[in-house]
Amino acid sequence: MAEITASKVKELRERTGAGMMDCKEALQEVGGDLEEAIVFLRKKMGNKLERREGRVTAEGVVATFISGSVAAIVELNSETDFVARNEDFKALAEEIAQQVATNGGDSAEAILAQDSVVNPGTPLRTRLEDVFTRLRENLVFKRYARVDAGANGAVAAYVHVPSNNKIGVIVQLSAESAEVAASDAVQTLGKELAMQIAAARPRYLNRDEVPADTIATERDIAVTQAKNEGRPEAAMEKIVEGRLKKYYEEVVLLDQAYLRDPKKTVGQVVKETAAGLTVTGYVRYEVGEQSKPAESAE
């Protein structure tokens with residue numbers, strides 16, 4: 001059995017919001033495995049458990065840039081929120097997003113080595129160092145993504161300014177023609193979907209993306225919760241399927257209620273907007289999420 005250390009209990013508490021004693025009990029029950037302990041707590045506490053998995057402390061901003069059918073999103077990190085609110089810092093993030101959209105790149109290091117498209121003749125890394133010199137705080141270009149929707153595609157972006165630019169989204173759609181992709185209806189839908197994703201935090205685009213083991217785990221949790229609630233065995237399957245449906249409505253974008261018209265799902269609205277229109281992908285960044293440094297989804 002793995003040692004149940006105070007640091008492991010603390011990490012489980014930070015990821016779930018559960019009490020220290022509950023976290024310690026969960027780790028003891030599953031032999032110290034952190035992921036299994038999260039499942040144990042969800043089974044035991046149900047909706048009382050705060051969803052905080054995958055979060056770490058960080059400051060910074062998210063920036064986006066669109067050029068035709070190409071969209072880019074970047075995260076630039078700082079040590080303090082004070083620097084993250086600085087206009088020079090935000091301008092640098094926007095410059096990096098434009099760089100990614102224009103040139104792309106295999107890594108953050110490769111992008112920083114490029115000649116700046118905003119300030120020709122100056123390497124992008126020099127721009128970062130200049131801002132560092134003024135702000136005197138460590139700056140990290142953490143991650144980025146670039147999508148090219150192609151001739152019959154459309155892209156949209158949204159940055160949540162009220163959160164001090166800490167949440168950003170880019171969305172990619174595919175239409176039957178370039179004319180449909182450029183239509184006001186599709187462009188408006190793209191922007192509204194980006195706002196929906198920022199607010200509703202879907203984890204998957206469609207049900208096919210949900211891993212089989214995740215579905216199995218959710219089903220197991222639903223069964224355990226229903227039994228703990230004393231639900232009749234005869235109704236168990238219906239109850240479990242209903243809770244699994246609610247899980248999809250929470251984490252799958254196309255199954256979510258459309259924010260502008262909650263009586264419809266996002267999937268229904270996409271179909272009604274234009275024949276053959278599909279959402280082919282999205283990227284959502286939120287400052288402070290646990291992620292690999294300098295990752296690319298190009």
Side-chain angles (χ1 to χ4, degrees), residues 58-78 83-135 137-151 153-173 178 181-182 186-188 190-191 193-195 197-198 280-287 289 291-298:
E59 297 296 342
V61 297
V62 175
T64 62
F65 187 85
I66 290 179
S67 177
S69 62
V70 177
I73 183 170
V74 306
E75 179 178 345
L76 183 65
N77 290 97
S78 61
V83 165
R85 293 178 180 277
N86 181 276
E87 292 304 316
D88 284 346
F89 180 81
K90 291 180 179 178
L92 175 62
E94 292 170 359
E95 182 175 339
I96 295 174
Q98 184 172 348
Q99 189 81 23
V100 172
T102 304
N103 291 347
D106 295 331
S107 68
E109 285 300 316
I111 291 168
L112 290 175
Q114 295 174 3
D115 194 47
S116 172
V117 296
V118 177
N119 295 276
T122 304
L124 195 57
R125 177 171 291 285
T126 299
R127 289 280 300 116
L128 186 145
E129 292 171 350
D130 287 344
V131 176
F132 163 77
T133 300
R134 290 196 296 275
L135 301 180
E137 189 167 299
N138 188 38
L139 310 180
V140 179
F141 173 26
K142 190 170 186 178
R143 54 177 172 163
Y144 69 96
R146 181 180 187 271
V147 297
D148 186 342
V155 289
Y158 172 74
V159 174
H160 191 56
V161 175
S163 71
N164 189 39
N165 299 33
K166 293 185 183 298
I167 301 172
V169 177
I170 55 176
V171 179
Q172 179 181 358
L173 301 100
V186 171
Q187 293 293 319
T188 298
K191 293 175 183 177
L193 288 181
M195 295 176 66
I197 293 164
T280 51
Y282 69 87
V283 181
R284 181 187 188 277
Y285 281 176
E286 182 170 352
V287 174
E289 290 173 328
S291 64
K292 298 178 181 178
E295 68 178 2
S296 168
E298 184 176 16

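FYI, the numbering just counts along the sequence from 1.
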Exercise. Given the rule in the side-chain contact (heavy atoms from CB on, under 4.5 Å) test, do V171 and V155 qualify, once you have shown the distances and angles that lead to the verdict?
Worked result: CA-CA 5 Å; V171 179; V155 289; over 6 Å; no
Euclidean distance, [Y] [atom2] relative to [X] [atom1], rounded to 0.5 Å:
X: I170; Y: R146; atom1: CD1; atom2: CZ; result: 10.0 Å
X: F141; Y: R125; atom1: CZ; atom2: CZ; result: 10.5 Å
X: F65; Y: T102; atom1: CZ; atom2: OG1; result: 5.5 Å
X: S78; Y: L92; atom1: OG; atom2: CG; result: 11.0 Å
X: N86; Y: R134; atom1: CG; atom2: CZ; result: 8.0 Å
X: S116; Y: E95; atom1: OG; atom2: CD; result: 3.5 Å

Would you call [X] and [Y] a side-chain contact if the rule is heavy atoms closer than 4.5 Å?
X: L135; Y: F89; result: yes
X: R143; Y: Y285; result: yes
X: V140; Y: N138; result: yes
X: N119; Y: R127; result: yes
X: I96; Y: L124; result: yes
X: L112; Y: L128; result: yes
X: L193; Y: L173; result: yes

Problem set entry | Matching residue for V131 among T126, L76, L139 - test: side chain to side chain contact (heavy atoms under 4.5 Å, CB included) |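 The residue from T126, L76, L139 that satisfies side chain to side chain contact (heavy atoms under 4.5 Å, CB included) with V131 turns out to be L139.
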Exercise. Do you know the tightest heavy-atom contact between V117 and Q99?
Worked result: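 In terms of heavy atoms, the two residues are closest at N-OE1, 2.9 Å.
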Problem set entry | Residue pair A154 / Q187: nearest heavy atoms and the distance that separates them |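 Distance-wise, the nearest heavy atoms are CB-NE2, 3.7 Å.
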Problem set entry | Residue pair T188, V186: steps toward the side-chain contact (heavy atoms from CB on, under 4.5 Å) verdict | CA-CA 5 Å; T188 298; V186 171; over 6 Å; no
Problem set entry | CA sep, side-chain torsions, deciding dist, call: V62, N165, side-chain contact (heavy atoms from CB on, under 4.5 Å) | CA-CA 6 Å; V62 175; N165 299 33; 5.7 Å; no
For this session: Taking only Lys NZ, Arg NE, NH1 and NH2, and the carboxylate oxygens of Asp or Glu, determine whether E286 and R284 approach each other closer than 4.0 Å.
Result: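 So E286 pairs with R284 through a salt bridge.
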Exercise. Is the count of non-hydrogen atoms from other residues, nucleotides or ligands lying under 6.0 Å from K191 atom NZ greater than 12?
Worked result: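 Counting other residues, nucleotides and ligands, NZ of K191 stays at 12 neighbours or fewer.
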Exercise. Between the main-chain N or O of A110 and the side-chain N or O of S107, is there a donor-acceptor pair closer than 3.5 Å?
Worked result: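 Looks like yes, one N/O pair under 3.5 Å.
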